[in-house]
**Q** 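Handing you this structure, nothing more for now.
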2 protein chains.
Amino acid sequence: MTIRTVAADAGVSVAAVSKVLRNAYGVSDGLRAKVEASIEKLGYRPSVAARGMRGQTFTLGVLLVEIANPFLPSVYHGIESVTDEAGYKIMVGVGAARAGREAQLIEQMIDNRMDGLILVASQISGDTLDRYARQIPTVVVGHHEPTASSFDTINSDDFEGARMVVRALYEAGHRDIAMLAMDDKHDHAADVSPQREKGYVAAMAAAGLTPRVIRVPPSNQPREAELRALLAAPDRPRAVFCWSDLDAVPLLNLAHQMGIRVPEDLAIVGYDDSPVAALPLISLASVDQDGRRMGRMAAQALLSRIGGRAVAEHRLITPRLVVRGSLQGG
Amino acid sequence: MTIRTVAADAGVSVAAVSKVLRNAYGVSDGLRAKVEASIEKLGYRPSVAARGMRGQTFTLGVLLVEIANPFLPSVYHGIESVTDEAGYKIMVGVGAARAGREAQLIEQMIDNRMDGLILVASQISGDTLDRYARQIPTVVVGHHEPTASSFDTINSDDFEGARMVVRALYEAGHRDIAMLAMDDKHDHAADVSPQREKGYVAAMAAAGLTPRVIRVPPSNQPREAELRALLAAPDRPRAVFCWSDLDAVPLLNLAHQMGIRVPEDLAIVGYDDSPVAALPLISLASVDQDGRRMGRMAAQALLSRIGGRAVAEHRLITPRLVVRGSLQGG
DNA sequence: GGCGTTTCGTATACCGTTATACGTCAATCA
DNA sequence: TGATTGACGTATAACGGTATACGAAACGCC
């Protein structure tokens, strides 16, 4: 069952069928009708692989850091809502939060002749990204590279989000505010955690307070010991801002287990406003990045880039603090 | 940069390079060394698309019902651990819990010349699955079709899991035990929810109790109203077994909000043992399906099927009840 | 009516691999 | 020694589409 089968059935040439498939120029209504009837009758479906060897595949690759991260579904749904309408398909690659793994997946997607790539929270360095982006239209979400010229970036304003948290904690009367940041051994200043850290430090300084950053291993590693140590320490802070709900939710639970009252003894604010944070029993204050919107914008940027735009676009979305019980009792 | 570039650089024929790439017969050590040196030097990567036109793509498709479902990551990781070693790549398709969407994705994966497919919790009917499975090696996870001959199935013993829950609730002294099942308008008895329902009904009958099944809309639709109505009803049951944590977690939170004590006034047991259930503040008893193991078994089955096995294999894994605070106070 | 100009359809080179058929040469065998 | 066998490389026809070049009508214009 190939394009040749269809051509024979419709009594036309192979090229004619191809033209109909591609909406190419030079097809009469009569021809189109004949061909479409045959396609329908035979249930023919063109091979993406063969198609990709010369033309477009109409398939986009989406790379997610980690499948268990609760923030990613919203971004994915945002992307999908846009690409669906435009008639593009999506293939997802899951990179276990390791840069090597991600590079492998990107290459795989290039090998599969995808038309474009959206990388969500990639841990790959700017230089490497740049090299890949020259080979395939690319949009990066959740990775700050505002000067990149070969790809677009869509980000939440992580600096501002952290400042909002510090200000809210300050207004709630807290002065002893610590931050839980991801221990980034690769020192990628472009990642979201360091950005939030900068915002935190700046806001603390602006309020005349001394910043105190505590680093924990990344989320794909166990880190309960570190959290427990923090809570048991004699100089336990009165408020903790966590770079992600992935840390804030376990911290909140651990505090509860250890008999520490939240927020009376310890206020906690997370980041991402994941579904778990919103559960009444958890009630974790958190920063909402509006992942859906970021996904939509990323997809739009990618489509326009595939459409020919060459000059890079860098967007920053202002986040929103969702106040809940872990910040303000009630 | 094609196979021809490499051939020219190494001073050999295109066929020779192809042979080296495929580990085919008739390659001397000297030739192999020359070719591999050129590949390394040029950084050549074969095109999967072109490769797929005649040979294998070494890429497997994994279809997930819904990206936000917290049970799926464990299955995915299980699959990955096996396929990684075997040198296969994975592409993920996300089907928004709609059969039409899933069919579309399956076709897309066939179009992309994937070597095999793993469908996780697919909602597609047995007949349709059968039609696709004839075109491409297929393994189905979380969908009971024990008589299917064209594809393999890997399932948790949902019937037994439900019975375990009823027995545990019975032993805890409960008699008024209801079940929250998914409202399956398509009436797919093969899905997991109806299987659990059967196990529940059987166990209730065995204990001499009257079953009481309450149906709620599927998880991609809002269903807070139904849950709230259940809790507010004058004949509110004393224990509820939920077909999934996706319902049990909101129910638990709602009960707490409405001042209903868990488990004193209402015992709740979920299914899937998702990460949220294990949080101390939630402490939801749940049935653990061991998704990781199911994923591993699915991948192994698929590889052996790709390897030539034609007779279908149907595996049933015994689940395990994880007792927590929502079932037994302490 | 002769001459460009569209419009429409066909023939076919090409995309980057794989796999088969085949040729060459040295080693082995009767 | 001539024939057979294996080992190793090469040439090349697929694979299933796309896109370009091109031919044949139909059309518009003076």
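Here is how names work: the chains are called A, B, and so on, in the same order as the sequence lines, proteins then strands, and each is numbered from 1.
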**Q** Could you tell me the separation between the CG atom of B/D111 and the P atom of D/dC15, rounded to a whole number of Å?
**A**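 For the pair B/D111 CG and D/dC15 P, the rounded distance is 18 Å.
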**Q** Considering every strand and a 4.0 Å limit on heavy-atom distances, what is the contact class for B/R45: base, sugar-phosphate, or nothing?
**A** sugar-phosphate
**Q** Indicate whether the side chain of B/D152 and that of B/H314 have a donor and an acceptor atom separated by less than 3.5 Å.
**A**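 Short answer, no.
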**Q** Any chance you could measure A/N112, atom CG, to B/R113, atom CZ, to the nearest 0.5 Å?
**A** 12.5 Å
**Q** DNA chain C: B/A15 or A/V14, which has the more 5' nearest nucleotide?
**A** A/V14
**Q** Between P on C/dT17 and CD1 on B/I3, what's the gap in Å once rounded to a whole number?
**A**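 Taking CD1 of B/I3 and P of C/dT17, I get 6 Å after rounding.
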**Q** Would you mind classifying the nucleic acid contact of A/V17 as base, sugar-phosphate or nothing, using non-hydrogen atoms under 4.0 angstrom?
**A**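 If one applies the 4.0 Å heavy-atom cut-off, A/V17 turns out to touch nothing in the nucleic acid.
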**Q** Just checking B/S18: base, sugar-phosphate only, or nothing, at a heavy-atom cut-off of under 4.0 Å?
**A** base
**Q** Return the value, rounded to whole Å, for the distance between atom CG of B/N112 and atom P of D/dG16.
**A** 15 Å
**Q** May I ask you to verify if any side-chain N or O of A/S13 is less than 4.0 angstrom from the OP1 or OP2 atom of C/dT10?
**A** yes
**Q** What is the separation between atom CZ on A/R51 and atom P on D/dG16, rounded to the nearest whole Å?
**A**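 To the nearest whole Å, that distance equals 15 Å.
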**Q** Rounded to the Å, how far apart are A/K19 NZ and C/dT10 P?
**A**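 From A/K19 NZ to C/dT10 P: 9 Å.
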**Q** Taking it one step at a time, do A/L119 and A/F151 satisfy side-chain contact (heavy atoms from CB on, under 4.5 Å)?
**A** CA-CA 11 Å; A/L119 311 180; A/F151 55 87; over 6 Å; no
**Q** Of A/I3, A/T57, A/L21, which is the lone residue that meets side chain to side chain contact (heavy atoms under 4.5 Å, CB included) with A/R51?
**A**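 The option that passes is A/L21.
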**Q** Can you tell me how far the CG atom of B/L302 sits from the CD1 atom of B/I79, to the nearest 0.5 Å?
**A** 9.0 Å
**Q** Taking CZ from B/R32 and C1' from D/dA7, how many angstroms apart are they, rounded to a whole number?
**A** 14 Å
**Q** Within the 4.0 Å heavy-atom criterion, would you say B/V48 contacts the bases, only the backbone, or no part of the nucleic acid?
**A** nothing
**Q** Starting at the 5' end of DNA chain D and moving along, which residue's nearest nucleotide shows up first, B/R113 or B/S28?
**A** B/S28
**Q** If you take atom types as modelled and just measure distance, does the side chain of A/R4 reach the base of D/dG17 with a donor-acceptor pair under 3.5 Å?
**A** yes
**Q** How close or far is atom P of D/dA19 from atom CG of A/N23, stated in whole angstroms?
**A**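 A/N23 atom CG is separated from D/dA19 atom P by 12 Å.
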**Q** When the nearest nucleotide of DNA chain C is assigned to B/R22 and to A/Y25 on a heavy-atom basis, which residue is associated with the more 5' position?
**A**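 By nearest-heavy-atom nucleotide position, the 5'-most residue is A/Y25.
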**Q** Whole-Å distance between C/dG9 C1' and A/D29 CG?
**A**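 Rounded to the whole Å, the gap is 15 Å.
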